[in-house]
Number of protein chains: 2
Amino acid sequence: MAKALFKRNEVIDKSMLLFCRKGFKASSMQQIVETTGLKPGSIYHSFGNKEALFREVLTSYSAKSMAKVRETIDGAESIDEGILLHLKNTVAESINPNYCSCLLVKTQLELAADENKNNLHDFAANRLKKIESLFRSYLEHEYDEETSSERAVSIMLHIFGVRIYGYQQGSAELMLKGLRAGLPWLPWD
Amino acid sequence: MAKALFKRNEVIDKSMLLFCRKGFKASSMQQIVETTGLKPGSIYHSFGNKEALFREVLTSYSAKSMAKVRETIDGAESIDEGILLHLKNTVAESINPNYCSCLLVKTQLELAADENKNNLHDFAANRLKKIESLFRSYLEHEYDEETSSERAVSIMLHIFGVRIYGYQQGSAELMLKGLRAGLPWLPWD
DNA sequence: TTATTTATTGAGTGGCTATTCAATAAATAA
DNA sequence: TTATTTATTGAATAGCCACTCAATAAATAA
């Protein structure tokens with residue numbers, strides 16, 4: 001057989017950039033062809049169709065997201081400090097002029113009402129739930145089950161909030177104040 | 001002249017339902033034709049184009065949103081209780097199987113990267129800022145400026161959070177616990 | 001009444017959409 | 001080598017997209 005001349009990961013990463021910026025629908029196959037350098041036939045041969053490619057991108061994206069959370073928390077001096085650092089990083093990201101929120105969040109909103117793509121919506125929802133579970137399992141090292149559960153939800157609400165609030169220009173300081181007000185149990189000083 | 005045979009408000013309300021469910025791009029003019037009962041030519045004659053219609057819908061939507069906030073808070077026994085009630089209402093909305101989040105939030109995420117529609121994104125961002133200002137001005141009746149400002153941001157972060165978290169099934173109780181954790185200064189009992 | 005202005009109609013347009021497919025190329029298996 | 005399997009190519013396709021426009025209808029202005 002002819003070896004695959006492209007690297008699957010690179011195609012997924014390049015597509016991820018496009019999907020993150022524009023979302024599922026607004027990213028056309030033509031644009032995917034341009035950014036990946038593959039011909040239409042190759043894409044369909046390797047990935048099936050646009051939705052399947054998107055699903056692979058989503059999978060990769062959520063794996064990277066969870067890995068980043070783990071790295072940040074594991075590398076911090078305490079779990080609470082790691083969580084705080086992750087939140088600060090999320091805020092810092094949103095300053096970037098090319099800020100494009102979170103692909104899982106975007107997908108959740110974009111495809112909720114799409115009858116055909118509903119599985120993609122559920123997929124994104126499940127991944128977000130897993131991120132919440134990750135926070136909860138970290139918290140359970142320090143707090144009781146009830147507290148950990150509540151605080152994990154609270155963290156997710158705040159992250160979702162930042163993902164949207166971040167589109168307001170020059171809002172980083174405001175967001176940090178808001179986070180501090182809502183998450184006073186984190187080691188802010 | 002021939003009188004307009006349709007009522008502008010009704011057309012906007014019907015379009016609003018569609019746009020809320022599907023977002024800007026995924027709502028086709030054909031679907032707008034179907035749900036409003038107008039012919040394509042009439043829509044273009046009366047509203048200009050899809051983007052202009054959408055802008056009118058957004059304007060109407062944000063006016064309704066702000067009116068609802070005002071009604072809820074003005075009708076409550078205290079400002080804090082009114083805010084709490086508004087949050088509880090927002091959570092309750094998200095239980096609805098036809099839940100479609102918030103059009104301003106959706107627009108913010110959908111059109112941020114769209115070069116042509118960037119004004120729509122900015123428009124939505126400004127309206128969300130005005131809602132934040134509304135909360136702040138209410139809070140300033142009870143708290144100092146600094147506290148009011150922080151808490152208004154905190155409220156917005158939580159509302160945004162609910163707008164996304166709400167897509168998870170059966171999450172109302174969890175969300176309320178999370179809100180209580182993040183907004184302990186509200187009169188929960 | 002007649003002239004003018006405005007609203008409605010609905011078939012039609014060009015362009016973009018995701019996707020396909022027969023032909024070709026290249027690698028391995030026999 | 002020869003046969004078989006798989007990858008790549010890029011032009012082609014059908015369908016949907018936002019949008020237009022000439023014809024018609026209806027209301028007011030004169």
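In what follows, every chain begins at residue 1, and chains take the letters A, B, ... in the order their sequences are listed.
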If only side-chain N and O atoms of B:Tyr44 are considered, is one of them under 4.0 Å from the OP1 or OP2 phosphate oxygen of D:dC19? yes
Residue B:Ser28, side-chain heavy atoms: nucleotide from C:dA18, D:dA18, C:dT20 that is nearest: D:dA18
Paired with C:dA26: which nucleotide, if any, by Watson-Crick or G-U wobble criteria at under 3.5 Å for both distances? D:dT5
Which nucleotide, if any, forms a Watson-Crick or G-U wobble pair with C:dC21, using both distances under 3.5 Å? D:dG10
For the aromatic rings, using the six-membered ring if either is Trp, is the centroid distance between B:Phe160 and A:Phe160 under 6.0 Å? no
d(NZ, B:Lys25; P, D:dC19) in whole Å: 11 Å
Phosphate oxygens OP1/OP2 of D:dC17: is one of them under 4.0 Å from a side-chain N or O of B:Gln30? yes
What is the distance from NZ of A:Lys39 to P of D:dA11, rounded to the nearest Å? 9 Å
What is the separation between atom CZ on B:Phe54 and atom P on D:dA18, rounded to the nearest whole Å? 13 Å
Any B:Ser42 side-chain N or O less than 4.0 Å from OP1/OP2 of C:dA7: no
Any Lys/Arg nitrogen of A:Arg8 or A:Glu56 sitting under 4.0 Å from an Asp/Glu carboxylate oxygen of the other? yes
Is the closest basic N to carboxylate O distance between B:Lys68 and B:Glu71 below 4.0 Å? no
Given that B:Ala26 and B:Gly41 both sit by DNA chain D, which one's nearest nucleotide is further toward the 5' end? B:Ala26
Check whether any side-chain N or O of B:His45 sits under 4.0 Å from OP1 or OP2 of C:dT8, and answer yes or no. no
Residue pair A:Asp80 / A:Tyr143, side-chain donor-acceptor N/O under 3.5 Å: yes
